[in-house]
Amino acid sequence: MNEQTNKKTATRLLLVAVAMFGFGYALVPLYDLLCDVTGLNGKTQRADVSEIKNQKIILDRLVKVEFTTMVNTNLPWKFKALQNKVSVHPGELTTVKFLVRNMTDMAITGQAIPSVAPSKAANHFKKIECFCFTQQTLQPGEEKEMAVQFVVDSKLAPEIDTITLAYTFFNSNKNIKTGLIKKQPVAVAANNSK
Amino acid sequence: MLTTCLKRIKSSIQFLGAGLMLLPGLAMAEYALNFQRPVTEIAREVFELHNLILTIVIVIFIAVFVVMFYSIFAHRKSRGHKAANFHESTTVEVIWTIIPFIILVSMAIPSTATLLKMDNTSGSEMTVKIVGYQWKWQYEYLDHDISFFSSLSTPRAQIENKEKKGENYLLEVDNPVVLPVGKKIRFVLTANDVIHSWWVPQLAVKKDAIPGFINEMWTKIDEPGIYRGQCAELCGKDHGFMPIVIKAVSEEDFNKWVSLQKDKAVSAAADSNKVWTKTALLKKGKKVYEKSCQACHGATGAGVPGAFPAITGSKIATGPVKDHLAIVMDGKAGTAMQAFKGQLSDADLAAVVTFERNGLGNKAGDIVQPSQVKALR
Amino acid sequence: MSEAAHHHPTGLSRWLFTTNHKDIGTMYLVFAFMMAIIGGLMSLVIRAELFEPGLQLVDPNFFNQMTTVHALVMVFGFVMPAFVGLANWMIPLMIGAPDMALPRMNNWSFWLLPPAATLLIISLFVPGGGPAAGWTLYPPLSIQGGMGMDFTILTVHMLGISSILGSINIIATILNMRAPGMALMKMPLFVWTWLITAFLLLAAIPVFAGAVTMLLTDRHFGTQFFDAAGGGDPVLFQHIFWFFGHPEVYILVLPAFGVISQVIPTFARKPLFGYSSMVFATAAIAFLSFIVWAHHMYTVGMPVAGELFFMYATMLIAVPTGVKVFNWVATMWRGSMTFEAPMLFAIATVFTFTMGGVTGLMLALTPVDFQYHDTYFVVAHFHYVIVGGSVLGLFTAVYYWLPKWTGHMYSEVVGKWHFWLTMIGINLTFFPQHFSGLAGMPRRIPDYALQFAEFNMWSTYGAFLAVFSQLIFFYLVWKTVKGGEKATDQVWEGAEGLEWTVPSPAPYHTFETPPKVS
């Protein structure tokens, strides 16, 4: 009968299926973009110094920032914040120190992943410097103090009075995975870390 | 005609609606049929919302099916009913598109209000961090420097039907979360391995604990009591065996409990300095094994072939002590074997390693002292 | 069917190489029935373990494998292939086409299924066991699993390709092969719902294929799509999964709506009420199904604006779904009804599906969903929708068209026994689960606290009754295939449509010259 028409329809529909397969993959960058814009999943981003230069310090508002640490089971390190919490004025540059120690007799590389609650505060939590921008390598038994420098944006929604910043340290040694680490461009971070 | 039919629907709704208003009341008395008794303002609001919506949907459901079953009864061929031939009516179709829409709006309004309240974590007085592990919970009181693990305390024998099951079977833990009443408590949640979900029905709080990410929610408990919950997200083998127990106490009792926790930390330190006998280590080790290891490695140390390795005759439990301690303390990457150093004391770790080397069919002969463990930390 | 076997190959090669839509439809239906038995037996393992508190029969790991594989088998092995089988058999007959548009591709899409199913079953026996992460395959739990998980991913790919090929075929058939005069808005509703379902499949399945591919590369090839350690996010998987998963449940139920819309007018002896609003309602449900996915994941910690959006969008689905139910009731209203087995099953489908529908509305409301989420209330809800909607819809279809397929009438007495026992069985199984869920029983647990004991015991009795009642169904179909009272071409007094103009049983080749539709 109209075999030609059928083949044409089928080819078009097959293209739709292939496009939808691609769309599944496109959801990955789309989701990341959505998270960047809205802070959807509490991921924080690196801020540029210029971004915070013109921030006005709001002296009549105090926001409590809590720090909490996790070490993933696969990483035999000790990791803690030297301060559990600080109260900061929005717009004010603050530095907080963390202590990390390698408990083994091997050199190990780890990566800290930050997360902020509530997630709608994530976009207003600006980090200028952070040990989470790069991977950290610790020699056997090495202990290291690491700093985070941040500003809570003065545009933070008024109802938020407490922010929790959590870091989870993961082991990057076992099968170093490539390709998808976008948030921590190692080379760029090394240039800026001074 | 259809208009008479609609009138009939309307009157039956009114009649049934009146009867059904009693239903939530009945349900209040018999909790096995409905939510557990709410103990926070939010939980009460959620319960009322649930009852309201349940009533609305039951009324709609009955209204629709009263019409259908009336039709089934009256418009059957065996009663000699002749088929009409209508097949559309724009008026009727518009009506039954718009009315449900209005009902939906009336449900959406209170739901939105409650949701906004649940979302507002501001003004909290303390923060508790909850971490999900396979298969236990860790609680960290960020304002009090207290941290502990909480795992199922129901004996294996009850689960395996060898003993009579207790009243709180599967809903009891070794260390309950102690919380003060009347204070707004903020929870932040994360996980170590896979996604878990922390749920206490009487508080109407449920949130996922996701590794690498942090979530938050809050509660304010009205009255002292014990409130029980469970993990609500499939997290592997023992997903059904990681309950949550909250002990809500007055502020005064809470402060007492806080200082007691500090004392406990001191006595644990004393335990790790003393020298233990082999018998004492084996006795303690067996207990620790049953609590922390048996779920995967089995009561006899045989493990589960293909999933969890055996301890009996294993290279680790019969090889050098150093490697054995390392795997128990630090876990094994990429497997379900987790690091136990965070949740077990020096004495516990020394005892369980001693037990694994000298029990479960192994005969390594050596023992481990808590001081050896302490040195490795 | 065997009478018509004079001008085509016989024996094994007939079935292996056939391009005939009726043969392929039959194979799909037989395969689906076998999968239903396997999935049903798995559900009995689950229910037997849950008969009373304590661990009795299986260890928790195997229990998780059973819940996972039961769901995968039922969704991908039973319900979807069964409806594709019905589509193969009936769509050409209903639109006056000689066969499907792409008969050879049709053969491939069926023959992908048996190896895929075998692979899934084998996964239960490899070291480490089968997939145990639930049918939703959430990472990181699904990253932990053994080789069985890779088998499952491969199975999902094969089943997915089969469904995509099948839906391409169905769309091409409906768009290109209609008899002269069969305008789109004249098509029987079963054909309409399948056309829309096929588009849903085409849009949703490839996305799922993408998600499981990412899972596979995360497991073995070093990518970190879902691993927080490498900048990924496990919640991303849930978004992609449910972008597929929500349309998927409509894929399972829309063809059943089509069947109901054929059967009720036949036995009410009255035309379907609101034909065009039925078509638009189906299209509206299909569209909305793509923008509501995150209502499955209210507890992951979304911003409140997102939760509100998904709540409102989900509630909207109640409107077109309501229209459908009201239309069915209006079709019955002032008809001249008789209650042969297809009609009984159709009415039961409307009733039980609506029950699942209203609990679905409750689940849409975010603040109360925090209480319902991941409890037995959800288990009750989706079994009312899928068993009460799709599976009863399938029985409706089989009873309705069986005389046309075999040329024999089935036994009405046996059919009624099957109907009533099935109804009692499934309601006894799933109704009490609403209560255990509300009272606080989480889903996917192998053992439970004592206060849930009574309801679970009832559920187990119900499940055994429901599964074993299907032996009656098997007996009935077997007897009808073998012989019985001769069916007329018209079969049902009130039946309308092209499929009733061909002889019973339908000959091997039909509509080689297209019929004229006025």
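So you know, we letter chains A, B, ... as the sequences are listed, proteins then strands, and number each from 1. Owing to the predicted nature of the structure, the values given are computational and were not obtained by experimental measurement. As a basis for the values below, the full set of heavy atoms in this structure was taken, side chains included, without hydrogen atoms, waters or symmetry mates.
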Could you check if a side-chain atom of [X] sits within less than 4.5 angstrom of a side-chain atom of [Y], using non-hydrogen atoms only?
{"X": "C/F370", "Y": "B/T114", "answer": "no"}
{"X": "B/F213", "Y": "C/P234", "answer": "yes"}
{"X": "B/S111", "Y": "C/V368", "answer": "no"}
{"X": "B/W96", "Y": "C/V323", "answer": "yes"}

Tell me, for [X] versus chain B, whether the close heavy atoms (under 4.5 Å) come from the side chain, the backbone, both or neither.
{"X": "C/V350", "result": "both"}
{"X": "C/M311", "result": "side chain"}
{"X": "C/F351", "result": "both"}
{"X": "C/H434", "result": "neither"}
{"X": "C/T375", "result": "side chain"}
{"X": "C/Q65", "result": "neither"}
{"X": "C/L55", "result": "both"}
{"X": "C/F326", "result": "both"}
{"X": "C/M343", "result": "neither"}
{"X": "C/N64", "result": "side chain"}
{"X": "C/A132", "result": "backbone"}

With a 4.5 angstrom heavy-atom cut-off, which part of [X] approaches chain C: side chain, backbone, both or neither?
{"X": "B/M118", "result": "side chain"}
{"X": "B/I210", "result": "side chain"}
{"X": "B/E167", "result": "backbone"}
{"X": "B/K82", "result": "backbone"}
{"X": "B/N85", "result": "both"}
{"X": "B/I72", "result": "both"}
{"X": "B/F69", "result": "side chain"}
{"X": "B/L171", "result": "side chain"}

Aromatic ring pairing B/F35/C/Y372, orientation class (parallel under 30°, perpendicular over 60°, tilted between):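 B/F35 vs C/Y372 ring planes: tilted.
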Test log, rule side-chain contact (heavy atoms from CB on, under 4.5 Å), inputs C/L438 and B/L33: CA-CA 7 Å; C/L438 292 180; B/L33 291 174; over 6 Å; no
Pair B/E160, C/Q56: side-chain N/O donor-acceptor within cut-off below 3.5 Å: no
Greatest number of heavy atom pairs closer than 4.5 Å to chain C - which of B/V105, B/I53, B/L104, B/T97: B/L104
Contact winner vs chain C - B/D238, B/N161, B/N168, B/V57, heavy-atom pairs under 4.5 Å: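 Between B/D238, B/N161, B/N168, B/V57, the count favours B/N161.
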Centroid separation B/F86 to C/W333 less than 6.0 Å: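 That pair fails the under 6.0 Å test.
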From C/L365 atom CG to B/M107 atom CE, the distance as rounded to the nearest 0.5 Å: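 The CG atom of C/L365 sits 6.5 Å away from the CE atom of B/M107.
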Donor-acceptor contact present, side-chain B/H81 to main-chain C/G335, <3.5 Å: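 At least one qualifying donor-acceptor pair exists.
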Residues, nucleotides or ligands: over 12 heavy atoms within 6.0 Å of C/E496 CD: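 No, the 6.0 Å shell around CD holds no more than 12 heavy atoms from other groups.
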For chain B, the option from C/P303, C/P127, C/P271, C/A318 that forms the most heavy-atom pairs under 4.5 Å: C/P271
Partner residues of C/H295 under the ring-ring contact (aromatic ring centres under 6.0 Å, His included) criterion, sequence neighbours left out: C/H246
Pairwise side chain to side chain donor-acceptor pair (under 3.5 Å) hits with a residue in residues 346-360 of chain C, at least two apart: C/T359-C/H381
